[in-house]
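Written below as structure tokens is the structure these notes are about.
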Number of protein chains: 2
Amino acid sequence: MPAPPERPRPTGRRPGDSGTRDAILDAALALFAERGYDGASLRAIAAAAGVDPGLIRHFFGDKEALFATAVADRMQVAHLLARAASADPTTAGRAMTEAYLGLWEGPDTGPIVRALVRSATTSESAARMMREMIGPRIHDATGGDTALAGRIALAASNLLGVAMARYVIGVGPVVDLPRDELVDRLAPVVQHYLTGA
Amino acid sequence: MPAPPERPRPTGRRPGDSGTRDAILDAALALFAERGYDGASLRAIAAAAGVDPGLIRHFFGDKEALFATAVADRMQVAHLLARAASADPTTAGRAMTEAYLGLWEGPDTGPIVRALVRSATTSESAARMMREMIGPRIHDATGGDTALAGRIALAASNLLGVAMARYVIGVGPVVDLPRDELVDRLAPVVQHYLTGA
DNA sequence: CGGGGAATTCCACAAGAGGGGAGTTAGGAT
DNA sequence: ATCCTAACTCCCCTCTTGTGGAATTCCCCG
């Protein structure tokens, strides 16, 4: 068997409907989630998508725009939390806790929020995006009630810390807690933050 | 006045006791705190210390060793928390909250913990260091009581989330809260996590 | 008053980053 | 059937990174 002729990938457009653009977005999201904004190189993303790095530039321009379309624009997420928070006040704590953990665990949303957090801690532009994304949502959901916004923010901060410990850093005791028990322990506290009761 | 001869810095050892090593450690800590492990380049650290990059290698070997000596080794910190947590049970929540916030705000400890968190979210080796540092301390402080360890971990996670929101990401409502009020709101919750009451 | 080792400089290197441009092929509108 | 545009690959450039080594100067111990 003669050695396969090492032929390079053909140049030019591909026939049919190649879902290349989406492949890039998926790979980008996955790598941003895993390594953060700076750690995910365009080349690595292109490789993961099975695509030439030049294509990224072709489709999205620069890295920040890619991040925005892959991560930020899919963030229809914050209002979901605010909705949970303003639901039936007697169960808001549990609802928000469930919604939040679901966000981190969902196969679609998990990468988004991991990418956001991993990037926001290191890259100022990612942090800015996150602020600009979350701030207005809270403002909308509270109708400008700053006291309520404060309560929601504290509840969300608690959940953020737990998620960091459980899903990002991997702090033993928090990882080992079964999910049910975790919810049972968090829900009353979140409820307390939200309603003050 | 003739143009100053542009003379390059002299090579060779400097006279007197140059605190170069410490200058490097200080600069390294500051930059790790500001940009995280990957974001802080050895060259930038050297520049901030007013020193040739080669010196870092001379003193510390490689980057990980520098991080370890600048950040990790100064972490006499965790046991401080554990101590607060196991103090007088009626005030443990407030004590731990104060101790934790003090950690983030202290001019000496703040950079350490910021560096740790910023790095641990992105760099796996930093995350490992953090785990290896915190895990045993909790184990020691609890004497192997895993239920207690779980309670402390949940309390610490809450505080971690608040600190992330307030000092790292900069979430509006959490930043705007006056410190006193923040403590007043957090302390009872931390107390609840710790004691179950 | 030597001499060895530590502190310090500069230079070099290979690898990888993001970005840009030129050229090739296919799809779709006319 | 023709042409414009979009998809696609390859090559290049410049910058930065971590690391390594050679050369110089000074301190300190004998």
Side-chain angles (χ1 to χ4, degrees), chain A residues 5-28 31-32 34-71 119 122-126, chain B residues 5-28 31-32 34-71 119 122-126:
Chain A
E6 285 271 353
R7 100 188 118 160
R9 269 137 131 204
T11 166
R13 188 171 187 161
R14 300 286 168 274
D17 178 18
S18 70
T20 301
R21 210 188 116 102
D22 287 333
I24 294 178
L25 285 179
D26 289 346
L31 283 182
F32 283 136
E34 195 177 323
R35 308 186 195 171
Y37 182 79
D38 293 314
S41 76
L42 294 180
R43 288 168 151 88
I45 292 171
V51 146
D52 186 275
L55 265 193
I56 296 186
R57 185 170 183 274
H58 176 59
F59 281 125
F60 305 100
D62 63 7
K63 194 179 184 180
E64 238 179 288
L66 172 65
F67 183 82
T69 34
V71 179
S119 302
T122 308
S123 153
E124 178 49 33
S125 62
Chain B
E6 285 269 353
R7 98 190 121 159
R9 265 132 131 214
T11 165
R13 188 173 188 160
R14 298 287 168 274
D17 178 19
S18 71
T20 300
R21 211 189 115 102
D22 288 333
I24 294 178
L25 285 179
D26 290 346
L31 282 183
F32 283 137
E34 195 177 324
R35 309 186 195 170
Y37 182 79
D38 293 314
S41 77
L42 293 181
R43 287 168 153 92
I45 293 171
V51 147
D52 187 275
L55 267 191
I56 296 185
R57 185 170 183 275
H58 175 59
F59 281 126
F60 305 100
D62 62 8
K63 194 179 183 180
E64 237 179 290
L66 172 64
F67 184 82
T69 39
V71 179
S119 303
T122 307
S123 152
E124 178 49 33
S125 61

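Chain A is the first sequence line, chain B the second, and so forth, proteins listed ahead of strands; every chain is numbered from 1.
Sorted by first and then second residue, the pairs that involve residues 39-71 of chain B and meet ring-ring contact (aromatic ring centres under 6.0 Å, His included), not counting sequence neighbours, are B:F32-B:F67, B:Y37-B:F67. Every pair passing salt bridge (charged side-chain N to carboxylate O under 4.0 Å, His left out) that includes a residue from residues 55-71 of chain B is listed here, sequence neighbours excluded: B:E64-B:R128. Screening residues 35-48 of chain B for salt bridge (charged side-chain N to carboxylate O under 4.0 Å, His left out) gives no qualifying pairs among residues at least two apart or on separate chains. Listed by first and then second residue, the side-chain hydrogen bond (donor to acceptor under 3.5 Å, both in side chains) pairs that reach into residues 19-28 of chain A are A:S18-A:T20, sequence neighbours excluded.
With hydrogens and angles left out, the side chain of B:R43 and the base of D:dG18 share a donor-acceptor pair within 3.5 Å.
In this structure, CG of A:D22 is placed 14 Å from C1' of D:dA7, rounded to the nearest angstrom. The separation between A:I24 atom CD1 and C:dG18 atom P is 14 Å, rounded to whole Å. Per the geometry, CG belonging to B:L42 stands 6 Å off P belonging to D:dT19, to the nearest Å.
OP1 or OP2 of C:dA17 sits under 4.0 Å from a side-chain N or O of A:S41.
With sequence neighbours excluded, the residues forming a side chain to side chain contact (heavy atoms under 4.5 Å, CB included) with B:A49 are B:A23, B:I24, B:A27, B:V51, listed by chain and number.
Between the side chain of B:T69 and the backbone N or O of B:L66, at least one donor-acceptor pair lies under 3.5 Å.
Of the residues in residues 49-66 of chain A, those placing a heavy atom less than 4.0 Å from an atom of DNA chain C are A:R57, A:D62, A:K63, in numerical order.
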